[in-house]
Number of protein chains: 2
Amino acid sequence: MSPAIAKTSETEILAAARQLVRQNGVDGLSMRDVAEAVGIRAPSLYKRFDDREALLRAVRAQVQEEFEAVLVKAAEGHPPAQALTKIAHAYRAFARGKPRMYRILHRPELAPRGGDAPSVTRNVVSSLVGESHAAQAADCICAFLHGFVTLELDGSFTRADSKSPDEAFAFSVYVVLQGLVNSADAPSGAGRATQVV
Amino acid sequence: MSPAIAKTSETEILAAARQLVRQNGVDGLSMRDVAEAVGIRAPSLYKRFDDREALLRAVRAQVQEEFEAVLVKAAEGHPPAQALTKIAHAYRAFARGKPRMYRILHRPELAPRGGDAPSVTRNVVSSLVGESHAAQAADCICAFLHGFVTLELDGSFTRADSKSPDEAFAFSVYVVLQGLVNSADAPSGAGRATQVV
DNA sequence: ACCTGAACACCGTTCAAGT
DNA sequence: ACCTGAACACCGTTCAAGT
């Protein structure tokens, strides 16, 4: 009738994996550890998830949603330029607060199959620089934000000569926004960039 | 007299590891593969390198030197602003040409123990925006460059709506440089960024 | 002094066997 | 239907034994 009662659930496994990723990072997560955390043996995990990658993909999707929600909330009720600044600082705060969670978002092998959903940033940027440069401007901002927090998390900034990282970030955000507003009417194209100054 | 003649050398092992990293990436490199490539068994590698990390660290150091050289060469003989544009495009070309080599440069666990040597970018930036903002401006540019090429290598840009990645890059480089030049006299500090526009 | 096979403690994953 | 132990093919690394 009811042979071998279920000891756990997909949801519980996902939560356990999530916590382990947060503690030990993606590379530090083993199927045996996840299994132990939910009170079963590793082979049983394969009844709920195809393989380790599928499990990590599910974790990543969950983290992605939370991250997007944080950014949306940060932007709420502000005009475009200010919203972008708020987004920038919320972005960095998330990465610094949950570095291993931020990193799982950027593991190429775990990228969502259909590409990412349209982001807040994209929309806010659009209303700032106009639709013609929206995609490129969004790429520019995403690149800067991702680069900055990654280098900061990695400890790659030489802090011997620079002031506090907070000031460097605020300065950089100002620079990029300033550049975007001023370049809103610039013709896009490779030739233009080499003629600066 | 001469028991157990050496079949290989530190240099040869390093070269083999380098090639394997270029082909399969850091995570794809196994000690047994390296050993086979130089005609010995895995345990013998430990006579030349302390462990896998030490070997990868040596590879990283070599790649780092090459990368720096490429950037220096790109900047040679150009005035600051143009030099920065040249550096930017050389940076991206390197990352696209040898993605696995670029990625090994940014593995935190392989970072040089004493921090990185002073970079070309830092010097060029200094002569563009002045010494007072040099460190922050260099951080800004490094962040943008690293972020852009990483997102591009990862396929994270939605290319459905944007034009070619080349144009997005040229546009972004223009934006950041424009922002830097305009912000050269801006007071640094967190408060300022929120007052943009 | 350098190289080797055997071994250890880990992985992810499969599978036949249990209930 | 779900769980299990045993097993397989991999890891990095150690070590006693060979020359």
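What you are looking at is a predicted structure, and each value in this text was computed from that prediction instead of being measured. Lettering follows sequence order; numbering is per chain, from 1.
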Provide the closest heavy-atom pair for B/E152 versus B/P165 in the form atom of the first, atom of the second, distance. OE2-CB, 3.5 Å
Can you tell me if CD on B/E109 sees more than 12 non-hydrogen neighbours from other groups inside 6.0 Å? yes
Lys/Arg-Asp/Glu bridge criterion (N-O < 4.0 Å) met for A/R60, A/D116: yes
Please say whether more than 12 non-hydrogen atoms of neighbouring residues, nucleotides or ligands are located less than 6.0 Å from CD in A/E36. no
When you measure from the side chain of A/P43, which nucleotide among D/dG5, C/dC3, C/dT13 comes out closest? D/dG5
Once you round it to whole Å, what is the distance between P of D/dG12 and CG of B/L55? 11 Å
When rounded to whole Å, the CG to C1' distance for the pair A/D50 and C/dG12 reads 14 Å
Whole Å only: how far is the CG atom of B/L45 from the C1' atom of D/dC11? 14 Å
Mind calculating the distance between CD1 (A/I13) and P (D/dC3) to the nearest angstrom? 8 Å
Of A/K47 and B/R52, the one whose closest nucleotide on DNA chain D sits nearer the 5' end is A/K47
Partner of A/Q178 under side chain to side chain contact (heavy atoms under 4.5 Å, CB included), picked from B/N182, B/L180, B/V181, is B/N182
Between A/D27 and A/R103, is the closest basic N to carboxylate O distance under 4.0 Å? no
Rounded to whole Å, the NZ-C1' distance (B/K7 to C/dC2) equals 10 Å
Kindly point out which of D/dT14, C/dT14, D/dC2 is positioned nearest to the side chain of A/A6? D/dC2
To the nearest 0.5 angstrom, please state how far the CZ atom of A/F157 sits from the CZ atom of A/F148. 4.5 Å
D/dC3 OP1/OP2 closer than 4.0 Å to side-chain N/O of A/R48: yes
Report yes if a side-chain nitrogen or oxygen of A/S44 is closer than 4.0 Å to either non-bridging phosphate oxygen (OP1 or OP2) of D/dC2; otherwise report no. no
Kindly express the pairing pattern of DNA chain D in dot-bracket notation, using | wherever a base pairs with another strand and counting only Watson-Crick or G-U pairs under 3.5 Å. ||.|||||...|||||.||
Distance-minimising heavy-atom pair for B/R92 and B/V149: CA-CG1, 3.8 Å
Nearest atoms (heavy-atom pairs only) where B/A111 meets B/R57: O-NH1, 2.8 Å
Can you list, by residue number, the residues of residues 20-41 of chain A that have a non-hydrogen atom closer than 4.0 angstrom to DNA chain D? A/R32, A/I40, A/R41
